[in-house]
Amino acid sequence: MRSWVVTHFNRTQLGRREKKAKNKLKEKRLLQLVLHSFFSSNGSKRHQEQKTLLISEMASYEAIKNFDDDDDEDVEMALPHNQISESRSATVSPTIAQTTPLHLHINNIIEEQHIIARHQPQPQPKSPRLVSLDVFRGLTVALMILVDDAGGLIPALNHSPWNGLTLADYVMPFFLFIVGVSLALTYKKLSCGVDASRKASLRALKLLVLGLFLQGGYFHRVNDLTYGVDLKQIRWMGILQRIGVAYLVAALCEIWLKSDDTVNSGPSLLRKYRYQWAVALILSFLYLCLLYGLYVPDWVYQIQTEPSSEPKTFSVKCGVRGNTGPACNAVGMIDRTILGIHHLYQRPIYARMPECSINSPNYGPLPPDAPAWCQAPFDPEGLLSSVMAIVTCLIGLHYGHIIVHFKDHRVRIIYWMIPTSCLVVFGLALDLFGMHINKVLYSLSYTCVTAGAAGILFVGIYLMVDVCGCRRMTLVLEWMGMHALMIYILAACNVFPIFLQGFYWGSPHNNILKLIGVGT
């Protein structure tokens with residue numbers, strides 16, 4: 001009987017070792033499930049399935065472990081006392097190794113990982129986009145396309161030939177205003193000023209290069225499939241170049257020229273950004289000094305009247321100071337001196353004036369007594385006029401600061417409407433006293449009136465979209481605002497029409513656009 005019991009005990013011990021080996025593998029599997037479940041904890045469906053599998057594995061493991069323990073107790077009860085001691089001493093190491101339950105291991109691992117996770121930096125949630133700003137940008141893009149396509153048919157939509165203000169003259173200031181508002185939202189939290197300055201410079205450089213490619217003369221007019229530009233006549237300035245310059249200056253001001261003052265009121269907001277306002281005032285003062293203080297001498301230019309003939313020379317008599325007419329203003333003189341007259345816009349807007357066109361306010365043949373300057377190149381996005389474009393961008397920056405520092409809708413609207421009203425009244429007063437509203441010169445009165453108009457329109461869109469929540473009717477404009485640059489390149493720069501005209505049959509005039517009634 002004694003030998004049978006010993007034999008049965010040995011067999012049982014062998015079975016126990018096999019079960020313990022299986023339990024170790026299962027414990028290893030459980031630990032892997034715990035670690036994988038913790039590190040992939042993201043609330044997904046797969047994560048929930050892993051947790052369910054882990055619970056079932058733990059339950060099966062505990063059941064097997066309890067069964068083994070009960071079996072061991074039954075065998076020990078059938079053995080003599082001395083053999084029980086021997087068996088326990090022979091298996092003391094495995095027993096000690098199993099004294100810590102598995103769920104304690106799991107809890108310790110989870111607690112350690114939670115401690116690590118608490119000390120790791122959590123990703124910051126992205127701030128929601130200001131929908132009204134996207135809608136405003138999309139509306140400006142739609143207005144730009146409208147005036148480009150219908151401006152020749154409806155004079156009220158086309159740019160003013162010189163003094164005055166039309167619907168088309170609001171497009172550029174609106175874009176610059178929007179750039180300023182966007183910069184305030186972009187740089188409200190800065191980690192490194194040097195890195196932010198480097199990125200802003202790269203963005204501005206991209207706009208400059210893209211502007212040179214699109215408006216420098218590389219692409220020729222619609223219905224002309226030729227391309228290429230003579231570097232002796234490339235146009236250096238343009239719409240994207242002006243936006244790039246204004247963006248860069250405003251971005252550097254926002255990065256470096258703001259104090260650490262706490263903002264809790266209107267005066268404290270002005271104190272925090274007083275250096276940016278100082279830059280705007282200095283630029284305005286510099287513009288006025290150059291516009292009214294520089295002496296403009298007589299100048300000459302040449303144009304090619306016919307392809308096979310010699311260039312014809314025209315002489316423009318000036319010798320004045322402070323003139324704001326088409327021929328003798330300081331804006332054109334600076335561009336001719338620095339950029340070169342051959343690098344300016346070759347189709348001047350003042351050629352639509354009554355003095356230069358019998359079809360005014362549209363382009364047309366010259367009158368018999370047309371002055372000499374009617375065909376002279378003039379760039380509407382010149383160097384001196386771009387100085388005031390920077391001021392428009394800085395004004396938009398102030399409107400963005402109000403969004404950043406004040407969260408109440410009523411407070412925002414009040415702080416927006418105060419400068420808006422002042423700008424409009426001041427601009428109209430300047431025009432009344434002789435400093436005329438002029439888009440080509442980008443006069444101070446033009447800057448104030450258009451920036452104030454941008455503020456009024458922005459407040460109206462903000463009330464409708466962000467306060468009242470009327471987004472459904474503006475979804476198209478919102479999409480256009482989020483893809484403004486792409487739409488500008490394809491539509492306003494005629495890239496898409498020129499691309500379609502490249503597919504024709506027989507003759508380049510038989511193209512897709514003519515088939516649908518767009519081409520000529």
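Nothing here was measured: the structure is a model prediction, and the numbers come from that model. Heavy atoms only: backbone and side chains are in, while hydrogens, waters and symmetry mates are out.
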For this session: Using distance alone, with no hydrogens and no angle criterion, decide if T392 and Y442 have a side-chain donor and acceptor under 3.5 Å apart.
Result: yes
Problem set entry | K232 NZ: over 12 foreign heavy atoms closer than 6.0 Å | no
For this session: Starting at CD of E381, measure out to CD1 of I243 and round the result to the nearest 0.5 Å.
Result: 9.0 Å
Exercise. Q375 side chain to W373 main-chain N or O, any donor-acceptor pair under 3.5 Å?
Worked result: no
For this session: Answer yes if the side chains of N163 and N438 hold a donor-acceptor pair under 3.5 Å, and no otherwise.
Result: yes
For this session: First locate atom CG of L183, then atom SG of C253, and finally report the distance between them rounded to the nearest 0.5 Å.
Result: 10.0 Å
For this session: Classify the side-chain pair E254/Q276 by whether it contains a donor and acceptor separated by less than 3.5 Å.
Result: yes
Seminar exercise, completed: Between A484 and V141 the two heavy atoms that sit nearest each other are CB-CG2, 3.7 Å
For this session: Answer yes or no: is there a side-chain heavy-atom contact under 4.5 Å between M333 and W299?
Result: no
Problem set entry | H159-Y350 aromatic ring centre distance below 6.0 Å | no
Exercise. Are any non-hydrogen side-chain atoms of Y462 and L130 less than 4.5 angstrom apart?
Worked result: yes
For this session: Could you pull out the closest heavy-atom pair between A168 and N158, with the gap in Å?
Result: CB-C, 3.8 Å
For this session: State, yes or no, whether a side-chain contact exists between K407 and R412 at a heavy-atom distance under 4.5 Å.
Result: yes
Exercise. When you check the side-chain N and O atoms of R242 and S386, is any donor under 3.5 Å from an acceptor?
Worked result: yes
Exercise. CZ of F314: more than 12 outside heavy atoms within 6.0 angstrom?
Worked result: yes
For this session: State whether the number of non-hydrogen atoms from other residues, nucleotides or ligands found under 6.0 Å of Y363 atom OH is greater than 12.
Result: yes
Exercise. Between N359 (side chain) and N362 (backbone), is there a donor-acceptor pair under 3.5 Å?
Worked result: no
For this session: State whether a side-chain donor-acceptor pair under 3.5 Å links R203 with Y247.
Result: yes
Problem set entry | Y292 atom OH: more than 12 heavy-atom contacts under 6.0 Å | yes
Exercise. Mind checking whether F136 and F174 have ring centres under 6.0 Å apart?
Worked result: yes
Problem set entry | Test item: F177 and C393 side chains (from C-beta on) under 4.5 Å apart, heavy atoms | no
For this session: Kindly indicate whether the side chain of L133, heavy atoms from C-beta on, has any atom under 4.5 Å from the side chain of F458.
Result: yes
For this session: Begin with the C-alpha distance, continue with both residues' side-chain angles, and end with the deciding distance and a verdict on salt bridge (Lys or Arg N to Asp or Glu O under 4.0 Å) for K199 and D195.
Result: CA-CA 6 Å; K199 292 181 179 179; D195 186 57; 3.4 Å; yes
For this session: Spell out, as yes or no, whether a donor-acceptor pair under 3.5 Å connects the side chain of H343 to the backbone of I234.
Result: yes
Problem set entry | Matching residue for L157 among T166, L167, L143 - test: side-chain contact (heavy atoms from CB on, under 4.5 Å) | L167
For this session: Say whether S132 and D466, considering side chains only, have a donor N or O and an acceptor N or O under 3.5 Å apart.
Result: yes
Exercise. Do the side chain of S385 and the main chain of L441 share a donor and acceptor less than 3.5 angstrom apart?
Worked result: no
Exercise. Taking all atoms of both residues into account, what is the closest heavy-atom pair of R352 and S360, and its distance?
Worked result: O-OG, 2.6 Å
Seminar exercise, completed: In this structure, CG of L208 is separated from NZ of K206 (nearest 0.5 Å) by 12.5 Å
Exercise. Can you tell if the side chain of L430 reaches within under 4.5 Å of the side chain of L444, non-hydrogen atoms only?
Worked result: yes
For this session: Classify the angle between the aromatic ring planes of H401 and H398 as parallel (below 30°), tilted (30 to 60°) or perpendicular (above 60°).
Result: perpendicular
Problem set entry | Closest non-hydrogen atom pair, P367 against C356 | CD-C, 3.4 Å
For this session: Show the numbers, then the answer: is there a salt bridge (Lys or Arg N to Asp or Glu O under 4.0 Å) between D260 and K272?
Result: CA-CA 7 Å; D260 297 329; K272 183 178 179 64; 5.3 Å; no
Exercise. Is there side-chain contact between D134 and V465, with at least one heavy-atom pair below 4.5 Å?
Worked result: no
Problem set entry | Nearest-0.5 Å distance, CG of residue L291 to CG of residue L286 | 11.0 Å
Problem set entry | Close side-chain approach of S259 to R274, heavy-atom, < 4.5 Å | yes
Seminar exercise, completed: CE (M388) and OG (S284) are apart, to the nearest 0.5 Å, by 4.0 Å
Exercise. Between P173 and Y446, what is the shortest heavy-atom contact and its length?
Worked result: CG-OH, 3.1 Å
Seminar exercise, completed: Here the gap from I456 atom CD1 to S421 atom OG, rounded to the nearest 0.5 Å, amounts to 6.5 Å
